[in-house]
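Some notes on the structure that comes next.
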Amino acid sequence: MMIINKLRCVKSSLQTILVTNDRYSDKSATLETFEKTGDVWERVFPPMNAVLGKNGFTCNKIEGDGKSPIGVYKLQTCFGKYPNPSTLLPYRQTTENDTWVDDVDSLYYNTWQVNPAYGRWSSGEVLRPEDGVYYDYSIVINYNTADRIPGRGSAIFLHIWEGPDVPTFGCIAVEYDNLLKIIRWLNPSSNPIIIQGPMNEVLRW
């Protein structure tokens, strides 16, 4: 039996991404994709290698801790450096002025904003960096995006990795072509979610 059939937290979703590892401290994980047709869950793509935050998973995310938050989160929007890569999710092409605010003292904490800041925030994640491909395409993981609790973590995405041995600062990352497969597969009408955490923790949900 596929693990997806053991999880209660997928009831409202028809598309689910599952990211699991064996231990909280592991920097690597396996990403699996599932889609439900009728009452039957089916695997979509072969399991993919993924990397996490450099300090693994946590159930108590703190800004700057280098950990990926465990939990169940919606996937509703995405962005990238290039034009829409044929995704059905709402897509926004980035510019050099786009930033995701990580200043815990800012009213705009954990939101997408456009520079210049004019004192409204003191730091942010550059969404169109000059170097690297990691934000060529990204999917926003809706972590701490509703209540936006200061200090609980910001800018959590599913994006392109810089290499299979290069962890993130809290995001989930996969190989370039795999990210494109995922972004083109997701459909907002299927209420896509991502479930992430150590396997023994996920099995409780």
Side-chain angles (χ1 to χ4, degrees), residues 2-4 15-34 43-73 75 77-82 85 87 89 94 98-100 102 110 123-144 152-186 192-203 205:
M2 292 189 298
I3 182 178
I4 194 73
Q15 289 183 324
T16 295
I17 295 174
L18 182 63
V19 182
T20 58
N21 61 9
D22 293 328
R23 294 173 296 275
Y24 276 86
S25 59
D26 288 347
K27 302 177 181 66
S28 60
T30 299
L31 184 149
E32 299 175 89
T33 50
F34 302 95
R43 189 182 299 278
V44 180
F45 305 117
M48 305 173 184
N49 293 324
V51 292
L52 315 174
K54 60 182 180 179
N55 294 316
F57 276 126
T58 182
C59 57
N60 186 29
K61 174 70 180 168
I62 299 173
E63 186 69 41
D65 64 2
K67 298 179 180 181
S68 300
I70 72 168
V72 183
Y73 309 108
L75 302 171
T77 59
C78 52
F79 64 88
K81 179 178 180 180
Y82 303 105
T87 179
L89 292 175
T94 54
D98 291 326
T99 188
W100 199 286
D102 58 16
N110 202 24
S123 62
E125 179 76 5
V126 177
L127 296 182
R128 188 166 178 168
E130 294 182 2
D131 300 321
V133 301
Y134 47 98
Y135 287 161
D136 277 8
Y137 299 106
S138 298
I139 302 166
V140 177
I141 296 175
N142 282 20
Y143 168 78
N144 196 27
R152 290 298 300 275
S154 62
I156 304 298
F157 311 130
L158 172 57
H159 64 71
I160 299 162
W161 70 21
E162 295 185 86
D165 299 316
V166 182
T168 72
F169 290 95
C171 296
I172 308 295
V174 294
E175 190 270 333
Y176 203 116
D177 288 344
N178 283 337
L179 193 283
L180 279 175
K181 288 180 183 177
I182 294 170
I183 205 171
R184 289 167 176 159
W185 162 62
L186 293 175
I193 60 173
I194 186 168
I195 303 170
Q196 49 189 65
M199 180 64 78
N200 61 350
E201 186 75 28
V202 168
L203 287 173
W205 303 340

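Bear in mind the structure is a predicted one, so any value in this text is a computation, not a measurement. The residues of the chain are indexed from 1 along the displayed sequence.
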(request) Output, in order, the C-alpha distance, side-chain angles, deciding distance and verdict of side-chain contact (heavy atoms from CB on, under 4.5 Å) for Asp98 and Arg128. (result) CA-CA 7 Å; Asp98 291 326; Arg128 188 166 178 168; 5.9 Å; no
Residue pairs fulfilling salt bridge (Lys or Arg N to Asp or Glu O under 4.0 Å) with at least one residue in [range], sequence neighbours excluded:
| range | value |
| --- | --- |
| residues 43-52 | Glu32-Arg43 |
| residues 47-62 | Lys61-Asp65 |
| residues 159-175 | none |

Closest approach of [X] and [Y], non-hydrogen atoms and distance?
| X | Y | answer |
| --- | --- | --- |
| Pro69 | Gly170 | CD-O, 3.7 Å |
| Gly163 | Val51 | O-CG1, 4.1 Å |
| Pro198 | Ile70 | CD-CG2, 3.8 Å |

With sequence neighbours excluded, what pairs up with [X] under the side chain to side chain donor-acceptor pair (under 3.5 Å) test?
| X | result |
| --- | --- |
| Ser154 | Glu63 |
| Lys27 | none |
| Asn55 | none |
| Tyr134 | none |

Do [X] and [Y] have side chains that approach each other closer than 4.5 Å (heavy atoms only, starting at C-beta)?
| X | Y | value |
| --- | --- | --- |
| Ile3 | Leu203 | yes |
| Asn60 | Arg152 | yes |
| Ile194 | Val19 | yes |
| Thr99 | Leu127 | no |
| Leu18 | Ile4 | no |
| Ile182 | Leu31 | yes |

To the nearest 0.5 Å, what is the distance between [atom1] on [X] and [atom2] on [Y]?
| X | Y | atom1 | atom2 | value |
| --- | --- | --- | --- | --- |
| Leu75 | Phe157 | CG | CZ | 12.5 Å |
| Thr16 | Leu186 | OG1 | CG | 10.0 Å |
| Ile139 | Ile17 | CD1 | CD1 | 5.5 Å |
| Tyr176 | Ile160 | OH | CD1 | 4.5 Å |
| Tyr137 | Leu158 | OH | CG | 14.5 Å |
| Ile172 | Met48 | CD1 | CE | 13.5 Å |

(message) Suppose we screen for side chain to side chain contact (heavy atoms under 4.5 Å, CB included). Which residues come up paired with Thr87, at least two apart in sequence or across chains?
(response)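 Residues passing side chain to side chain contact (heavy atoms under 4.5 Å, CB included) with Thr87: Cys78, Asn84, Pro85, Leu89, Tyr91, Ile183.
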(request) Using ring-ring contact (aromatic ring centres under 6.0 Å, His included) as the criterion, list what pairs up with Phe57, not counting sequence neighbours. (result)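 Applying ring-ring contact (aromatic ring centres under 6.0 Å, His included) to Phe57 gives none.
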(request) Not counting sequence neighbours, which residues clear ring-ring contact (aromatic ring centres under 6.0 Å, His included) with Trp161? List them please. (result)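 Counting only residues at least two positions away or on another chain, Trp161 forms no ring-ring contact (aromatic ring centres under 6.0 Å, His included).
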(message) Would you say CG of Asn49 has more than 12 non-hydrogen atoms from neighbouring residues, nucleotides or ligands within 6.0 angstrom?
(response)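 No.
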(message) Could you check whether atom CZ of Phe169 has more than 12 heavy atoms from other residues, nucleotides or ligands sitting under 6.0 Å from it?
(response)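 No.
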(message) Among residues at least two apart in sequence or on other chains, which ones pass salt bridge (Lys or Arg N to Asp or Glu O under 4.0 Å) with Asp22?
(response)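 Salt bridge (Lys or Arg N to Asp or Glu O under 4.0 Å) list for Asp22, sorted by chain: empty.
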(request) Can you sort out the partners of Glu125 under salt bridge (Lys or Arg N to Asp or Glu O under 4.0 Å), two or more places apart, ordered by chain and number? (result)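 Salt bridge (Lys or Arg N to Asp or Glu O under 4.0 Å) list for Glu125, sorted by chain: empty.
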Treating [X] as the side-chain partner and [Y] as the backbone partner, does any N or O pair qualify as donor plus acceptor under 3.5 Å?
| X | Y | value |
| --- | --- | --- |
| Ser68 | Gly53 | yes |
| Asp26 | Asn21 | no |
| Tyr135 | Gly132 | no |
| Thr168 | Leu52 | yes |
| Asn110 | Tyr143 | yes |
| Thr33 | Phe45 | yes |
| Thr94 | Gly80 | yes |

(message) Within the 3.5 Å criterion, strictly below it, is a donor on Glu201 or Tyr24 matched to an acceptor on the partner's side chain?
(response)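 There is such a pair between these side chains.
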(request) Could you please spell out the steps behind the side-chain contact (heavy atoms from CB on, under 4.5 Å) verdict for Val44 and Phe34? (result) CA-CA 5 Å; Val44 180; Phe34 302 95; 5.6 Å; no
(request) Mind running side-chain contact (heavy atoms from CB on, under 4.5 Å) on Val202 and Asn200 for me, showing each step along the way? (result) CA-CA 6 Å; Val202 168; Asn200 61 350; over 6 Å; no
(request) Any chance you could lay out the side-chain contact (heavy atoms from CB on, under 4.5 Å) test for Val140 and Phe79, step after step, and finish with the verdict? (result) CA-CA 8 Å; Val140 177; Phe79 64 88; 3.9 Å; yes
